[in-house]
Each structure stands twice: as structure tokens, then as C-alpha cells.
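Start at 1 and go down the list; that is how both ligands and their atoms are numbered.
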Amino acid sequence: MIPGYRPVVKHLTDVSRMGYGAMQLAGPHVFGPPADPEEAKRVLVRALDLGVDHIDTSDFYGPFVTNEIIREALHPYDRDLCIVTKVGARRDDEGNWLPDFEPESIRRQVHDNLGRLGTDRLGGVNLRLMDPSADFRAQWEVLAELQSEGLIGDLGLSEVTAEHVATAQEIAPVACVQNQFNIAQRGDDPLIASLAEQGVLYVPYFPLGGFTPFDTTELDRIGASYDATGRQVALAWLLQHSPNILLIPGTSSVAHLEENVAARDLVLSDEDVAALDSLHPA
Ligand SMILES: NC(=O)c1ccc[n+]([C@@H]2O[C@H](COP(=O)([O-])OP(=O)(O)OC[C@H]3O[C@@H](n4cnc5c(N)ncnc54)[C@H](OP(=O)(O)O)[C@@H]3O)[C@@H](O)[C@H]2O)c1
């Protein structure tokens, strides 16, 4: 055990619903270092101050940049923090995203994330499917082994269908699914409902539209009556959309982080939820 080290133990099932996605802490196009590394560390420290206990990251981001910043800003970690990473891809020298999917590579990636974050247990690991047609059973079995070795708290899948989840569940429990979903992109509505019935968490990526932010005109109008911004409305809508949704909005700015986290206290009326539901139906 590293002197002064405290294990990361919180499970995804125990985290508060408003988490933080660290991808925006890397440089432009999620490649290289951020323009303002000190602000990046302040974002992480402020997130924990505000009660965030779930951070989503990956060695893909930078690559390695966000995990290094997390370690610099937050290590030694609080026992109440759940850091969730992803495996299944890598970046090349130009920043392209490539599949990295052999079972032995999956094992190495988990150990690399552990080492870079400076911990001997990850709160969670998502297997990111870069090729939805690939047979991922061998990779999922490796993750199940690493979980039984005590290196991973919860296992998740990213960029998957209901069929992928069913296949994975035959091998090891799926704690969460991480797919793209937001108020303007609702293709996963049936999957979210089915996962809720199975007790599986759903963690939408790009909750604010990611690289292509959606038009917030109508959201701003509804938000005005709550003294809230359109983006806060988008996040509050997600929290009210289904009880199995956990949020990880990303930002590189402390001010935006504070705005986003405050959305956890925004309760939209049934009437406004209905109006928002009809903006971009599933
Ligand atoms: N599994 C996967 O394949 C996958 C893919 C993508 C992302 N993810 C995860 O999902 C997390 C969330 O996705 P994301 O960060 O890409 O997208 P997002 O949360 O939808 O949006 C982030 C974008 O919105 C801006 N933003 C955030 N809060 C804002 C605010 N209050 N006001 C104005 N602009 C604001 C950010 O810019 P500023 O930095 O200027 O605030 C950034 O450009 C990521 O951090 C990552 O951990 C997973």
C-alpha cells in the first residue's frame, strides 16, 4: 500500500446523481494538455467541494491528460469518491481514436488507469465498444476477472444496445450503460426504460450536446421562470426523465461547473416537463 493512500471505494449505486465528466479538461479535440491547467485542477477541487462524488474519465482523454490532472488535483482520494474510467480504445499520435480491444490490452489498460490515477481500485470501468458488431465477450470476461480480483468496483458498457447488455449480463452484472442521450437526442428512450426495470444505471454522455451544443432558446424561456439557464433546464429534465439516470456534464470552467451542479436542485413542474418532452420526442 502506498503511504498516505486511501482506497477509492464508493460504488456507482451510492453516488449522488450529479457527477462530473472530465473529458473537457484535456486540450482542444480532447488532445494534449489544457490551455489552463490550474483552472482544470480548480474545477476538480470545486466539484468535490460542491458534493460531486462521481468523476468520469479515461486514459483516452489527452491521452492520459485528464487522469494525470485528476491525480495532481485530488490524490490522495477521499473514500467517498467514485472514479469511473473507460477502456477499449486508444489515441494515435495525430489524436485519432482507434479500437484497442484485445483481451490482454483490456487488462493492460485497466492497470494503466490504476497506475496513472495512483490507486489500487477503480470505482468503475466502462467497456467502450468502438465496433458495435464486435464480439466483446472475451473483453467483458477479462473485466469480470479484474473485478473479482478487487481492482474494479462496478462494470459498465458504453455505446451499446439492449442486446449487448443482455449478452454481458450472462457473464457479469452490468452496473451502468453510458450512451449519447440528451433532450435533443432521445434515441435511447426505450433502452433507458428497460434498464430502469433491470436496476441498471444510465449515464448519458453529451448531456449538453457535447461538441454540437443544442439550441437552448425554448429551454431558456422555460428556465426564466425558475431563474435558471437553459442548460440547467436540460440537466434537470434529464434527472426527472428517469430515476436510473446519473449525470456527468463536462466543463473546463469553474463557473460552468457551479451552474451545472446547481441544476440538481431545480425541480421542473409536470407541465414544463411535458412541454420539454414534446420538443424532441423519442
Ligand atoms: N462513453 C463515451 O463514448 C463518451 C463520449 C463523450 C463523452 N463522454 C463523457 O461524458 C462527459 C460529458 O460529455 P461532454 O463533456 O463531452 O459534453 P457535455 O457535457 O454535453 O458538454 C460539454 C460542453 O458544454 C460546455 N458547457 C458545459 N457547461 C456549460 C455551461 N454551464 N454553460 C455553457 N457551456 C457549458 C463545455 O464548454 P466549457 O468547457 O467552456 O464549459 C463543453 O463544450 C465527458 O466529460 C466524458 O467524461 C463519454
Side-chain angles (χ1 to χ4, degrees), residues 12 15 18-31 34-37 39-40 42-44 46-47 50 52 54-63 65-67 69-70 82-91 97-100 113 117 123-132 155-160 164 176-185 188 201-216 219-220 223 228-239 245-264 266:
L12 259 184
V15 300
M18 185 61 77
Y20 170 71
M23 191 177 88
Q24 304 295 338
L25 297 183
H29 309 292
V30 201
F31 196 52
D36 187 346
E39 176 75 352
R42 280 194 292 273
V43 167
L44 289 161
R46 184 74 182 126
L50 293 170
V52 167
H54 169 200
I55 296 179
D56 186 83
T57 185
S58 177
D59 260 353
F60 319 154
Y61 301 157
V65 168
T66 61
N67 279 347
I69 294 173
I70 289 169
C82 182
I83 299 180
V84 178
T85 193
K86 293 169 211 77
V87 294
R90 66 181 175 84
R91 308 293 291 282
W97 303 75
L98 305 171
D100 193 1
N113 274 273
L117 285 162
V125 174
N126 285 314
L127 180 62
R128 174 51 157 102
L129 298 198
M130 300 295 283
D131 173 2
L155 299 182
L157 289 165
S158 177
E159 206 58 26
V160 291
H164 292 120
C176 67
V177 166
Q178 188 174 119
N179 284 357
Q180 183 171 348
F181 184 83
N182 57 51
I183 197 164
Q185 291 169 295
D188 259 1
L201 295 163
Y202 185 87
V203 186
Y205 75 79
F206 293 167
L208 296 170
F211 300 119
T212 47
F214 40 73
D215 178 14
T216 60
L219 309 184
D220 290 333
T229 65
R231 286 186 185 80
Q232 288 177 314
V233 169
L235 295 174
W237 176 83
L238 281 167
L239 289 177
I245 288 182
L246 300 180
L247 295 187
I248 51 163
T251 179
S252 55
S253 127
V254 170
H256 289 171
L257 171 83
E258 290 173 346
E259 178 183 330
N260 297 345
V261 172
R264 68 187 170 195
L266 173 59

Look at [atom] and find which of [options] reaches it with the closest heavy atom.
atom: atom 33 (C) of ligand 1; options: Gln232, Lys86, Arg231; answer: Arg231
atom: atom 44 (C) of ligand 1; options: Met23, Glu259, Gln180; answer: Met23
atom: atom 1 (N) of ligand 1; options: Met130, Gln178, Glu258; answer: Gln178
atom: atom 46 (C) of ligand 1; options: Tyr20, Phe211, Tyr61; answer: Tyr61
atom: atom 24 (O) of ligand 1; options: Ala234, Pro213, Ala26, Gly250; answer: Gly250

### Message
Looking at Trp97, I'd like to know if the NZ or CZ of Arg91 sits under 6.0 Å from its six-membered ring centre while staying within 45 degrees of the ring's axis.
### Response
yes
Kindly confirm or rule out an N or O of [X] lying under 3.5 angstrom from an N or O of ligand 1.
X: Tyr205; result: no
X: Ser253; result: no
X: Ile248; result: no
X: Thr57; result: no
X: Gly21; result: yes
X: Glu159; result: no

### Query
Could Glu258 and Arg46 be called an ion pair, given the rule that one side-chain N must be under 4.0 Å from one carboxylate O?
yes
### Message
Students should be able to answer this: which protein heavy-atom is nearest to atom 28 (N) of ligand 1, and at what distance?
### Response
Asn260 ND2, 3.0 Å
### Query
Who are the ring-ring contact (aromatic ring centres under 6.0 Å, His included) partners of His256, not counting sequence neighbours?
none
### Task
Only counting residues at least two apart or in another chain, list the ones meeting ring-ring contact (aromatic ring centres under 6.0 Å, His included) with Tyr205.
none
### Message
Less than 4.0 Å is my threshold; does some heavy atom of Ala22 fall inside it relative to ligand 1?
### Response
yes
### Task
Examine distances only and state if a side-chain atom of Asp220 and a backbone atom of Gly230 form a donor-acceptor pair shorter than 3.5 Å.
yes
#### Entry: For ligand 1, the portion of Ser158 having any non-hydrogen atom under 4.0 Å away
side chain
